[in-house]
Every structure is written in C-alpha cells, then in structure tokens.
4 protein chains.
Amino acid sequence: MSYNTFGRLFRFTTWGESHGEAIGCVVDGVPPGIALSEKDIQPYLDKRKPGQSRFTTQRQEGDVVKILSGVFEGKTTGTPVSLLIHNEDQRSRDYDSIKDKVRPGHADYTYWQKYGHYDYRGSGRASARETAMRVAAGAVARKILGKNISIRGALVQMGVESIDRDSWDWKEVNKNPFWCPDKKTAALWEKYLDSIRKKGSSVGAVIEVVAEGVPAGWGAPIYGKLDSDLASAMMSINAVKGVEIGEGMNAATLMGHENADVMRMKKGKATFQSNHAGGILGGISSGQPVVVRFAVKPTSSILMPVKTVDKHGKDTDIQTKGRHDPCVGIRAVPVGEAMMACVLADHMLLHRAQCG
Amino acid sequence: MSYNTFGRLFRFTTWGESHGEAIGCVVDGVPPGIALSEKDIQPYLDKRKPGQSRFTTQRQEGDVVKILSGVFEGKTTGTPVSLLIHNEDQRSRDYDSIKDKVRPGHADYTYWQKYGHYDYRGSGRASARETAMRVAAGAVARKILGKNISIRGALVQMGVESIDRDSWDWKEVNKNPFWCPDKKTAALWEKYLDSIRKKGSSVGAVIEVVAEGVPAGWGAPIYGKLDSDLASAMMSINAVKGVEIGEGMNAATLMGHENADVMRMKKGKATFQSNHAGGILGGISSGQPVVVRFAVKPTSSILMPVKTVDKHGKDTDIQTKGRHDPCVGIRAVPVGEAMMACVLADHMLLHRAQCG
Amino acid sequence: MSYNTFGRLFRFTTWGESHGEAIGCVVDGVPPGIALSEKDIQPYLDKRKPGQSRFTTQRQEGDVVKILSGVFEGKTTGTPVSLLIHNEDQRSRDYDSIKDKVRPGHADYTYWQKYGHYDYRGSGRASARETAMRVAAGAVARKILGKNISIRGALVQMGVESIDRDSWDWKEVNKNPFWCPDKKTAALWEKYLDSIRKKGSSVGAVIEVVAEGVPAGWGAPIYGKLDSDLASAMMSINAVKGVEIGEGMNAATLMGHENADVMRMKKGKATFQSNHAGGILGGISSGQPVVVRFAVKPTSSILMPVKTVDKHGKDTDIQTKGRHDPCVGIRAVPVGEAMMACVLADHMLLHRAQCG
Amino acid sequence: MSYNTFGRLFRFTTWGESHGEAIGCVVDGVPPGIALSEKDIQPYLDKRKPGQSRFTTQRQEGDVVKILSGVFEGKTTGTPVSLLIHNEDQRSRDYDSIKDKVRPGHADYTYWQKYGHYDYRGSGRASARETAMRVAAGAVARKILGKNISIRGALVQMGVESIDRDSWDWKEVNKNPFWCPDKKTAALWEKYLDSIRKKGSSVGAVIEVVAEGVPAGWGAPIYGKLDSDLASAMMSINAVKGVEIGEGMNAATLMGHENADVMRMKKGKATFQSNHAGGILGGISSGQPVVVRFAVKPTSSILMPVKTVDKHGKDTDIQTKGRHDPCVGIRAVPVGEAMMACVLADHMLLHRAQCG
C-alpha cells in the first residue's frame with residue numbers, strides 16, 4: 001500500500017478533491033470474465049450518498065458512476081477498471097470566509113504544515129468525498145468475492161447510546177436513516193441526534209461490519225495479517241480513531257478461560273462454540289464470521305464557534321457554515337462495508353496465489 | 001507491506017520459528033553513516049526477554065543479537081542490516097503431548113487450514129518469539145529517528161484494573177515488572193496477576209505508546225496515513241485485538257465541541273490546547289505527541305483444561321504445560337514501542353522523499 | 001511495480017483501451033508546490049501524436065490532455081494528479097473482419113490464452129495508445145526533475161540503416177519526421193521507409209535516449225538499480241525486444257582495458273575520460289550522461305497477408321487494413337524519453353529519502 | 001521490487017558483503033508443502049562456485065548453504081525460508097593497497113558518491129558474491145515451478161567469438177569450463193581466454209537462457225510484463241549491460257513479414273512456426289520457449305595498470321591483484337538461469353492469483 005493506492009493484488013488508486021471537477025479511481029487486479037456494469041456499483045453509492053435525510057449533509061450529489069475501461073461486452077477483461085463520478089454541488093463560496101482559518105479537528109493544519117500549499121475548499125483531498133470511490137471499489141470487490149460471502153454493516157453506537165445487541169435484526173438496518181439494527185434504539189437516536197444538531201454540535205459513533213462465508217485460511221503472517229490489513233483499512237477512513245476485531249479493546253478485561261473459543265466436532269466438522277476472536281486467529285480467517293468495529297469521532301465542522309488560529313498567526317474563532325453531517329458515522333457504514341470487501345478480495349487473491 | 005516484510009522505505013523482513021535454530025531479520029533502507037552496533041540493540045531485547053520475573057514465561061533465552069551485514073567500521077553503509085539471534089531453550093518435547101490437538105485461541109487451526117502442514121512446536125512462526133526481531137528492528141529505527149524523538153510505552157490496564165492516569169509517572173515504568181507508570185496500581189497488579197496465575201488462567205491488558213518530538217507533517221493521505229500504518233503495525237503484534245489513536249473508541253461518545261482540540265497562538269506558535277486527536281489529523285502528524293493504545297487478549301495457552309478437537313476429528317481436552325506468560329501484554333510493551341519507532345522511521349523517510 | 005502501476009515513490013497508474021471512451025493515468029507521489037498545467041504536458045503529447053506524417057498511422061487524435069485533480073491555483077498539492085484524454089477517432093469497424101483471427105506478433109493470442117475474453121478492437125489495452133499516458137506522466141516527471149536535467153531521444157537505426165554517429169546533431173532531431181540526429185541519414189530513411197511501406201511491410205528501429213545533468217548517486221543496489229529499472233521501463237514499451245546501457249550488447253566483445261572508463265582529476269574534479277558504462281556503475285549514476293538504447297520490432301500489423309489461425313481452430317490468412325505505423329519505432333522516441341524521465345524522478349525521490 | 005528485495009509474490013531479500021562474516025537471503029511467498037532440503041539447492045551453488053578452473057577466480061569458497069527456517073519435516077511451511085552461507089576465504093589484505101583508489105568500472109566511485117562511506121573490501125555489497133544468494137533463491141523457485149518447466153543457460157559468445165548455433169548441443173554444456181553448447185567453440189575459447197588472461201586483461205560474454213514448458217498466459221500488462229521483469233532481473237546482475245528477448249536488438253533490422261511468427265493448426269493445436277518473439281507477446285508468455293540473452297562486460301579488475309584517481313583527489317594508477325575472473329560471464333550462466341526461475345515463479349503465482 002502506498003499513498004493513494006490500496007491493496008496488494010486487488011488494488012485501487014483514488015484521486016480527486018471535494019471541490020474539483022470529478023473524483024475517480026482505478027481498480028487493478030480484477031480477475032477476467034466477471035460480469036460488471038454500473039448497475040452493480042450504483043446501489044452502494046446511493047447508500048452512501050449525501051442529502052438523504054436531515055441527519056446527513058445537505059450537499060446534493062447524484063454520485064452517478066461511470067465505467068471508463070476494463071469492461072468489454074459486459075465482462076471484466078482483467079485490465080484496469082477506471083471509475084469516475086462528476087462533482088455537481090460544490091458550493092466553494094461557502095469556504096471563502098474561512099479559507100485562512102485552521103479548522104480544529106480537520107486536516108487543514110497538517111496539510112498546511114506538510115505541503116505548504118493546499119486546497120481549502122471542503123478539505124480538498126482530505127474530504128470524506130473520497131470515500132465515494134472506496135464504495136465504488138468495494139462494489140467491484142463484492143463481485144470478485146461472489147455471492148457466498150455476505151458483508152453487512154450497522155451503526156451500533158451513537159454518542160453515549162448503544163444498541164441492545166439482543167434486539168439485533170439485520171432487516172431493520174435498511175428501515176431507518178441510521179443503518180441501525182435495533183428498532184427501538186433507532187427511534188431513540190432520532191431524538192438524540194436532533195437535539196445535538198439543534199445545539200449546533202455533532203456526535204461520534206461506532207460501526208460494526210460482519211463478513212459471513214469467508215472460508216478458513218485467508219490472511220498471511222506476519223505483516224500481511226487479515227486483521228492487520230482490516231485495521232489499516234478501517235483506520236484509513238476519515239475520522240476513525242479506533243478499530244476492534246472480535247472482542248476488541250474488551251479483550252483486555254477477560255481471562256484466558258473466558259476468552260477461549262472452545263471447539264467441538266459437529267456433524268463431522270470442527271466447530272467453534274463462540275467467536276471472541278472475531279473470525280481471525282494468527283492473522284488468518286478461521287471460517288467464523290469476521291467481525292470488525294470502528295469508532296468515528298464527531299464531525300469537526302460544527303455551527304458552534306470554536307477557538308482557533310489563522311494562517312497569519314492570529315487567534316480567531318471559527319464557525320463552519322458549510323453543509324455537514326451531524327453524525328458522520330452514519331455515512332461511514334457503507335464505507336466500512338466497502339473496505340471489508342476490498343480487504344477480503346485482496347486476501348482471496350493472495351491466498352489463491354500462494355496456496356492454489 | 002507484504003507477508004513477512006514490514007514498511008515501504010524503512011523495511012524489515014523477519015524469519016524463523018520459535019523452535020528452529022535461529023530467528024532473524026533483514027533491515028533495509030537504512031540511511032548510511034549512522035553509528036550502529038549490537039550495543040544499540042541489545043538493551044531493547046533485554047527489556048523484552050522472557051524469564052525476568054515470575055510474571056513472564058520461564059523460557060530462558062539470552063537473546064543475544066548479532067549484526068551480520070550492513071555496518072562497516074561502526075557505521076551503517078546504506079545496505080541491508082542482517083540481524084540474527086540463536087534460539088537456545090527450545091524444549092520441543094513440551095509440545096509432544098499436544099501436537100495433534102488444536103489449541104483454542106492459537107493459530108494452530110488456521111495454519112492447518114491454510115497450509116495443510118505446520119510447525120506445531122511452540123506455534124512455529126506464529127509464536128510471539130518473532131517479536132524479538134521487531135524489537136531489534138525498532139532499535140535500528142530509533143537510531144534513524146535520532147535523539148529528538150522519544151518513544152515510550154507503558155501498561156495502562158491489566159484485566160479489569162486500569163491505572164490512575166493522574167498518577168502517571170514515567171520514572172515508575174522501569175521500577176516494576178509490568179512497565180506500569182503508576183506505583184500504586186503496580187502493587188495491586190502484583191497480587192491480581194498472582195491470583196490469576198495460580199488459578200491456571202491468564203489475563204488481557206492495554207498498552208499505551210507515546211512518541212514525543214515528532215514534527216508536524218509526517219504521514220500521507222489516503223492509504224499511507226500515519227494512523228492507518230500504526231493501526232496495521234500494532235494489530236500485527238500477536239494477540240492484539242484493538243487499536244486506538246488518541247481518544248480511540250471513546251471518540252464515539254463525544255460531541256464535536258468536546259472533541260475539538262482548540263488552538264491558540266503561544267509565543268508566536270500555533271498551539272493545541274488538548275490532544276484528543278492523539279497527534280494525528282487527516283493521517284498526518286500535527287506536532288503533538290502521537291498516542292497509540294492497543295489491547296492484548298489473555299494468553300491462550302493456559303493450565304486450565306479447555307475443550308477442543310484434534311486433527312483426527314475427535315473431541316478432546318487440552319491443557320498447556322509449556323512455559324507461558326500469564327499476561328502476555330507485559331512483554332508487548334517493548335514490542336509496541338518498537339513498532340511505533342519503525343512506523344515513524346518509515347514515514348520520516350517517506351516525508352523526506354516527497355517534501356524534501 | 002505491479003500490473004498497471006509504474007514506480008515506487010513517483011508512481012503512475014494507467015488505464016484505458018485503444019477503442020474505449022478515454023484513456024488516463026493517475027500520477028502519485030508528486031512533490032507539492034510545483035507549477036503544473038496542461039501546457040507543460042501537451043507539447044510532449046503532440047510530439048507522440050499519430051497522423052503527423054505519412055510515416056505514422058493516419059489515425060487522427062487530438063490527444064488533448066486534461067488535469068482533473070492534484071493541482072490547485074496552478075501548483076501541485078502533493079495529492080494524485082489525474083490526467084485524461086478522450087479517444088476520438090476509433091474506427092472500430094476496421095477490426096470487424098479480423099475479430100476472430102489471431103494477429104501474429106500481437107498480444108491477441110496471449111490475451112486470449114490468459115484472460116479468455118479480450119477487447120479485439122485495436123488491441124484494446126495492448127495497443128500502443130497506452131503510451132500516450134506514459135508521455136503525459138513523463139512530462140510531470142520532467143517538472144520534478146527540474147531544468148538542470150535534460151532528457152533527449154533520437155532514432156539511431158531504422159532497419160539495416162544506422163546513423164553516422166560522427167554527424168550527430170541534436171538540432172536536426174526536430175527537423176525531420178524520424179527524430180533523426182543525422183541529416184543525411186534522415187534523407188536516406190525517407191526513401192527506405194517509403195519503399196517498405198509500399199511493399200506493404202514494416203521495419204524495426206533503435207532509439208537512443210540520453211539524460212544529461214543527472215548527479216552521481218542516484219540508484220540503489222541490488223534490485224533497485226537504476227539500470228535495472230531503466231531496462232524494465234524500456235522493455236515495458238510496446239514492441240521493444242532489447243535494451244542496452246552504454247556499450248550494451250557490444251560490451252561482450254570488448255576486453256577489460258578497452259572497456260575501462262579511466263579517470264583523471266580535471267579542475268579539482270574526478271572526471272571520466274569515456275563513457276562505456278553509459279553513466280551507471282553498480283546500479284548507481286556516476287554523474288556522466290545516462291545512455292539507454294532500445295530496439296523496437298517491426299510493426300506486426302502489415303498489409304501483406306500473413307498465415308495465422310482463428311479462434312475456431314482453422315488455418316487462415318490475415319491482412320491488417322487498420323491504420324498502422326510502417327515503423328512504430330519513430331513514435332517510440334518520445335515514449336522512451338518519458339520513461340527515462342519517470343525512472344529518474346522515482347530515483348531522485350528514493351535517493352532523497354535514504355540519503356537526505 | 002525495492003532495494004534488496006526481488007519479486008512481488010515470490011520474493012527474496014539478499015544481504016551480506018563479500019568480506020563480511022556471511023551472506024544470506026530470505027525467500028518469502030513459497031507455497032506450502034513443497035519438499036525442500038539443502039540438497040535441492042547445493043548443486044546450483046556448486047555450479048556457480050569460484051575456483052573450479054583456471055578460467056574463474058581462485059578464491060576458494062565451499063559455499064555450503066544452510067536452511068534456517070521455513071521448512072518443517074522436509075517440507076516448506078509457507079513461511080519465510082532463510083538461507084545462509086558463511087564466507088570462508090576473504091583475503092581482505094589483498095585490498096589494503098587499493099583501498100583509497102577508485103577502481104574504474106567498479107561501483108567504488110558511485111557508492112562513495114551516494115553513501116559517503118562504503119566497504120572497499122572486494123566491493124562489499126557490490127561484489128558478484130551476492131549472486132550466490134540469487135542462485136540459492138533460484139533453486140527454491142525451480143521447486144515451485146516443478147519438473148515440467150526446464151531452465152537452461154549457455155554461454156553463446158565470448159569476446160568476438162560466437163558459437164555456431166547449428167552445432168548447439170545441450171549435452172556439451174556441462175562438459176567444458178565455459179557452459180558452451182558447441183564443442184568446437186569451447187576448444188577455441190580455451191586458447192582465446194588463455195591469451196587474454198596472460199595479457200592481464202579480461203573479456204566480455206553473452207549468455208542465453210531458455211525456459212521450456214512455460215504455459216501460455218503468464219505475465220501481466222502493462223508494468224508487470226514478463227519481458228519487462230526479465231529485463232530488470234537480468235540487468236540487475238553484476239556487469240550486465242544489455243538484455244534481449246527473442247530477436248533482441250536484431251529485431252530492429254527486420255521487416256514485418258520476416259519477423260512474423262506465423263501460426264498453423266497442428267494436431268488440433270495452434271502452433272507457431274518460428275520464435276522471433278522469444279516466447280512472449282504483449283508481455284505474456286505464448287507457450288513457446290522463453291528466450292533471453294544478456295551481455296556481460298569484461299571484468300573491470302585487471303592486472304594491467306589502469307589510470308584512475310584516489311579519494312584524496314590525486315591522479316594515480318591501479319592494478320588489481322585480487323583474485324578475479326578473466327571472463328566473469330562464465331559464472332553468470334547459473335545466475336541467469338536462477339533469475340529466469342525466480343521471475344517465472346513470481347509470475348506463476350501472480351497468474352494463479354488473478355486467473356485462478
């Protein structure tokens with residue numbers, strides 16, 4: 001992995017800024033002969049698309065993806081798949097009043113320090129807009145993985161409010177604007193987030209992504225571990241501050257006999273009786289569901305004024321009037337799913353390479 | 001990063017099994033002209049070395065490192081530095097009774113599924129013994145980073161017992177067998193861990209690693225982010241299940257105005273007034289301390305019998321009589337420091353490449 | 001380097017087929033703050049552009065390049081530079097009559113064997129059209145290298161007719177349709193190539209690319225040698241069958257004392273008295289001009305009928321009526337220059353990373 | 001590929017200097033379950049070993065290889081195979097008289113310019129001694145490729161004396177000290193090289209390596225072409241100045257109809273009637289023998305005095321009294337074979353990854 005390229009064998013390179021003409025990515029390493037069209041990709045982009053409820057940014061983007069190469073007569077050719085989305089609703093003027101101010105929590109300060117020169121409009125390259133291309137690449141990855149592998153994500157915590165895991169119902173996820181698997185909590189979140197939004201602030205969240213159907217044996221010691229790659233992939237998503245596999249941080253609190261996923265033969269098959277490990281042992285998939293969680297910090301751009309400095313070395317206040325998500329974690333759900341798909345596709349190919 | 005190689009420009013490749021003749025690594029990309037001898041590496045290995053208290057495995061390893069190449073007349077030449085440690089105390093017989101049993105929580109099952117064939121003695125390649133070479137490579141990385149960057153780690157949680165952060169004293173870290181920065185908690189842990197050890201079980205832990213003196217500007221969007229690489233590096237350490245930067249998973253619970261690291265000019269310098277971000281914004285260092293935490297699960301090899309299966313498809317019980325750590329998290333402290341050093345050295349070179 | 005991505009730190013990924021909607025590339029790793037616009041790139045594309053004389057294909061392509069990202073207010077930002085060219089004159093019908101026939105010397109057979117499925121129109125991805133994006137990336141590389149490094153190419157042999165090296169004049173190169181540095185030979189080639197073209201055949205060529213101003217010290221042992229990377233870069237150009245550095249294949253015929261580039265102090269500077277080495281020793285630049293030559297085979301698509309097979313397993317004849325270059329080596333001159341620029345830019349950054 | 005690591009999936013990293021304690025390599029990406037012992041590797045090392053006739057250096061090295069990891073119960077485990085050879089006959093004193101002099105044609109000057117500081121004893125890392133580890137890695141690659149792929153090399157030109165290709169007999173190759181496939185030429189070379197040796201000079205050579213049994217479909221456009229990787233691999237061998245595939249540089253002289261490898265159905269199989277292409281089309285193997293040639297320059301270290309400079313900026317003469325090969329090309333034959341094996345093994349795995 002290097003800079004703007006993800007992956008080893010299943011690789012994609014993203015480009016484009018929030019307020020440029022377009023964003024895009026080039027997906028390389030795709031096996032030949034896979035049926036692929038824009039219809040396979042668009043639904044995932046629609047899921048991530050802004051402006052779908054009052055709980056996400058009001059920026060209006062069609063996010064219509066176009067395949068420019070790598071597909072011939074409806075099938076992948078094995079050559080690079082170039083994907084492009086035109087930016088539509090880039091109100092760059094929104095940023096004029098703050099262009100010299102450093103927005104706390106954003107990459108303004110660090111890009112300035114690193115590059116000297118940067119695109120202040122909507123964070124330029126550091127914008128979450130880049131994640132649209134991850135979602136597009138993730139849709140291609142799903143086609144490589146095939147129908148036997150299912151990848152689903154859900155919001156499991158918003159601010160201090162967690163779901164009731166006993167009420168988890170995957171069918172609920174698409175029925176509320178939060179991708180919440182627990183009906184009651186979804187209702188609660190609606191009020192909770194409204195109150196935060198009205199206050200002019202924002203809130204963090206935790207996303208859980210589960211991959212089922214992953215065979216045992218994917219992943220590779222020592223620096224190509226499946227969990228190591230998942231951690232990298234999730235942490236690379238904007239605003240993510242923590243990543244967990246299986247028990248995650250909670251593993252620290254357990255004793256060895258509590259954390260053991262004991263095994264028993266069941267219909268002639270070695271079977272685990274729990275999944276504290278989150279489906280990965282020694283960096284290699286165990287055949288159990290692969291379970292990843294990640295925490296997204298609260299959106300840094302808020303209406304409440306925040307103390308900061310400007311580029312001329314003066315103390316100042318900043319108030320972000322651009323259109324932003326009160327809980328950016330919501331739209332991170334399809335992004336987390338996409339990154340899971342991309343990591344798995346890469347490891348599927350890596351495993352096939354070494355072990356046939 | 002690929003398989004057994006870490007890094008992009010500062011790169012190391014580790015090899016060797018727990019019960020083989022030796023373990024080693026090849027460190028590539030080291031700048032020329034840096035003073036380097038075994039004396040720069042050995043102290044870090046001694047810190048990680050087993051058998052130093054009743055709280056770590058009783059395996060006795062001198063862990064004496066030897067530099068086989070890349071240094072001439074006391075200085076690095078810019079060519080690969082090959083490091084080697086002979087294994088000494090490999091009581092392979094300990095493993096005879098369990099060689100056909102799958103040890104829950106270990107990589108036995110997944111290596112078996114992936115490779116068909118594997119070295120069951122002390123987990124072979126999956127053993128934490130491999131981390132000795134990370135520590136060795138980390139010592140080389142520290143020499144590249146120079147004296148202005150300090151990297152220190154501490155155990156901040158053992159099982160359900162966390163330190164009191166207000167009592168944090170770096171000087172305490174070397175005065176107890178746990179690398180605990182809080183004197184009182186260290187005393188408490190001694191009893192706590194003894195009770196768990198006597199029970200025949202083990203316990204998890206959380207390690208915190210802090211790098212000070214890192215200049216603003218290291219790291220690279222989008223898939224070469226400093227935090228993304230740290231997450232990958234820490235998650236690649238044996239038994240790690242969660243990684244956090246700054247606020248980590250707790251960021252989910254905060255509101256935007258609480259999480260903002262506000263800035264003020266101070267003696268003509270832009271200064272942050274808090275460090276929720278853990279020193280990284282948009283994947284790039286901000287000049288504040290870089291703060292990483294990771295959770296280590298309880299050692300899987302325990303004296304208490306655990307249900308499992310064997311390779312002949314029979315249900316069975318397993319009891320691990322080999323010499324193991326009751327809290328493997330303790331010895332993960334120098335390993336976490338080493339990985340921090342390696343990630344930073346890699347990014348120092350990457351930054352110099354692109355930005356001069 | 002992997003699949004469709006060139007380079008380590010200065011990296012570009014190309015995409016697109018000869019008869020698709022567009023071709024493009026993403027250039028990553030560009031240092032920030034470099035003035036860059038389409039005007040810096042277009043002249044090199046114009047040099048490679050088809051249809052400029054009767055000696056190159058009559059396909060008419062404007063080859064107008066567009067920068068879609070990575071540049072803000074006229075300067076590079078350090079983020080990916082996305083470049084795009086729309087295809088204009090794709091007469092795909094030309095290929096209808098031969099779509100089931102394997103064109104000898106082309107990649108038809110091997111793509112078919114590898115991928116099962118491929119784009120037969122104008123060779124799809126295997127078309128020399130891809131080299132337009134190398135030329136575009138090369139223009140970006142030149143901006144990184146700066147004005148002190150000059151990179152120039154020339155055609156030094158066409159078929160059996162070589163130039164007279166004693167008459168080499170760089171000023172002549174732009175005055176004839178062959179990039180020939182020797183006026184007399186250029187006149188001779190005009191007749192020579194006309195006769196071959198009228199015969200319905202084609203002919204091979206040798207290109208020489210010289211980089212002046214490269215400082216001593218670029219390149220890296222052992223598998224990152226400057227000459228090794230140049231060999232890879234040149235051999236990756238369509239139709240290239242041989243690559244030489246300095247004396248090249250002729251080095252085999254020399255004795256040690258003949259081949260020695262002896263040194264003498266000159267105005268206080270160590271100076272070479274010849275350049276058999278082509279400016280590279282031990283994989284590292286010596287400060288002398290870097291000299292690379294490569295041989296391009298005759299265009300495989302010719303009007304003369306050639307025996308072949310079709311995809312149904314029948315013997316057949318093929319005659320290519322598409323628009324092709326009688327000597328594809330001519331248009332390889334700017335491509336070779338571009339690849340030299342890209343390799344050097346990559347090594348400039350690599351050297352800066354390791355040696356500061 | 002980066003610095004001291006070769007390959008993408010089949011990867012090896014070499015380390016060690018000519019006059020250090022040992023040299024070694026770490027081979028990563030090896031599929032599990034392959035029978036491997038030192039006996040599979042030693043014969044190839046013996047072939048490359050110095051001191052076997054008066055036509056190679058008189059340095060005496062046992063070159064006994066040891067496997068330190070990655071093999072368990074006689075089979076590869078899929079984890080890194082570490083190989084080590086102790087240096088035995090390092091007469092470093094030979095170099096004392098020339099330690100401050102720049103040896104023309106060697107890497108002394110460029111290492112000095114790049115790194116400031118270097119190991120002058122026997123060229124340190126730049127010594128051809130490194131190629132022993134390529135040969136060892138190549139032996140592992142051969143085991144991956146299996147018995148259906150044969151890789152053989154021969155010396156086809158020494159100085160101005162080429163073999164008679166009509167007399168090519170592979171059985172002759174092992175019967176003379178030159179790996180010459182033509183009995184008469186071998187006899188001639190004996191006198192020819194003796195005369196050059198007595199003169200105190202050296203001479204260049206051309207090596208040809210042929211791989212038979214490679215299936216159609218290995219290789220990958222555009223920057224992962226099989227020929228591009230072969231060019232890189234061969235050019236990375238010490239003293240190589242030119243690389244050719246199939247017709248090589250001679251392709252420039254041919255016309256399209258002469259160079260066409262026409263096809264005909266033969267027993268239901270598409271068959272080529274010639275192999276000008278050297279078994280590669282569009283960067284992908286065609287199923288024909290893969291044919292590579294490379295030129296090795298004359299050994300730079302010669303007994304005849306050569307003008308040069310020293311590190312103190314004085315003109316001087318140099319005469320190399322160390323033990324050197326009068327025609328270093330001879331020992332390059334097994335090295336070229338090894339690099340062919342390594343490139344093919346890497347592409348076998350890459351092809352399996354993408355195309356199943």
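Lettering follows sequence order; numbering is per chain, from 1.
Proximity to chain C (any heavy atom under 4.5 Å) is restricted, for D:Ser285, to the backbone atoms N, CA, C and O. In this structure, the portion of D:Met304 lying under 4.5 Å from any heavy atom of chain C is its side chain and not its backbone. Neither the backbone nor the side chain of C:Val292 comes within less than 4.5 Å of any heavy atom in chain D. Only the backbone of C:Lys314 comes within contact range of chain D, judged by heavy atoms closer than 4.5 Å. With a threshold of 4.5 angstrom between heavy atoms, C:His276 approaches chain D through N, CA, C or O but not through any side-chain atom. Of the atoms belonging to C:Thr316, it is backbone heavy atoms, and not side-chain ones, that fall under 4.5 Å from chain D. The contact between C:Met339 and chain D is made entirely by side chain atoms (from C-beta outward), counting heavy-atom distances below 4.5 Å. Neither the backbone nor the side chain of C:Ser162 comes within less than 4.5 Å of any heavy atom in chain D. For chain D, the nearby part of C:Asp261 is the backbone; its heavy atoms alone come within less than 4.5 Å. Of the atoms belonging to C:Asp310, not a single heavy atom falls under 4.5 Å from chain D. Neither the backbone nor the side chain of C:Ala126 comes within less than 4.5 Å of any heavy atom in chain D. Of the atoms belonging to C:Leu350, heavy atoms from both backbone and side chain fall under 4.5 Å from chain D. Only the backbone of C:Val296 comes within contact range of chain D, with at least one heavy atom under 4.5 Å from a heavy atom of that chain. Using a 4.5 Å cut-off between heavy atoms, C:Thr299 touches chain D through its backbone atoms (N, CA, C, O) alone. Heavy atoms of C:Lys225 lying under 4.5 Å from chain D belong exclusively to its side chain. Contact of D:His106 with chain C is made through the backbone alone, with heavy-atom distances under 4.5 Å.
With a 6.0 Å radius and a threshold of 12 heavy atoms from other residues, nucleotides or ligands, C:Lys307 has its NZ atom at or below the threshold. Within 6.0 Å of the NZ atom in C:Lys266, the count of heavy atoms belonging to other residues, nucleotides or ligands does not exceed 12.
With chain D as partner, the option from C:Pro305, C:Gly282, C:Pro298 having the largest number of non-hydrogen pairs under 4.5 angstrom is C:Pro298. Top candidate by heavy-atom pairs under 4.5 Å with chain D, chosen from C:Glu258, C:Gln113, C:Met255, is C:Met255. Interface summary for chain C: among D:Ala251, D:Gly116, D:Pro104, the most heavy-atom pairs under 4.5 angstrom belong to D:Ala251. Of the listed residues (C:Ala107, C:Gly248, C:Ala252), the greatest number of heavy-atom pairs within a distance under 4.5 Å of chain D belongs to C:Ala252. The most heavy-atom pairs under 4.5 Å with chain C, out of D:Ala239, D:Ala220, D:Ala277, D:Ala260, come from D:Ala277. Ranked by heavy-atom pairs shorter than 4.5 Å toward chain D, the options C:Pro221, C:Ala205, C:Gly242 are led by C:Pro221. Taking chain D as the reference chain and counting heavy-atom pairs below 4.5 Å, the highest number among C:Met249, C:Glu161, C:Glu244, C:Lys297 is found for C:Met249. Taking C:Ile245, C:Val203, C:Val262 one by one and counting their heavy-atom pairs under 4.5 Å with chain D, the maximum is reached by C:Ile245.
Residues satisfying the side-chain hydrogen bond (donor to acceptor under 3.5 Å, both in side chains) test with C:Thr271, not counting sequence neighbours, are none. When the ring pair (Phe, Tyr, Trp, His ring centres under 6.0 Å) test is applied to C:Phe272, the partners found at least two apart in sequence or on another chain are D:Tyr109.
In this structure, C:Ile302 CD1 and C:Lys199 NZ are separated by 11.0 Å, a value rounded to the nearest 0.5 Å. To the nearest 0.5 angstrom, C:Ile318 atom CD1 is 11.0 Å from D:Met263 atom CE. Here the OH-OG1 distance, from C:Tyr115 to C:Thr110, works out to 9.0 Å after rounding to the nearest 0.5 Å. In this structure, OG on D:Ser202 lies 8.0 Å from CG on C:Asn259, to the nearest 0.5 angstrom.
The aromatic rings of C:Phe12 and D:Tyr223 stand perpendicular to each other, their planes meeting at an angle above 60°, with 30° marking the opposite boundary.
A donor-acceptor contact under 3.5 angstrom links the side chains of D:Ser228 and C:Ser232, judged on distance only.
No salt bridge links D:Arg352 with D:Asp346; every basic N to acidic carboxylate O contact stays at or beyond 4.0 Å.
C:Asp108 pairs with exactly one of C:Lys114, C:Arg103, C:Lys101 by the salt bridge (Lys or Arg N to Asp or Glu O under 4.0 Å) rule, that one being C:Arg103.
The shortest non-hydrogen separation linking C:Val160 to C:Tyr192 is N-OH, 3.1 Å.
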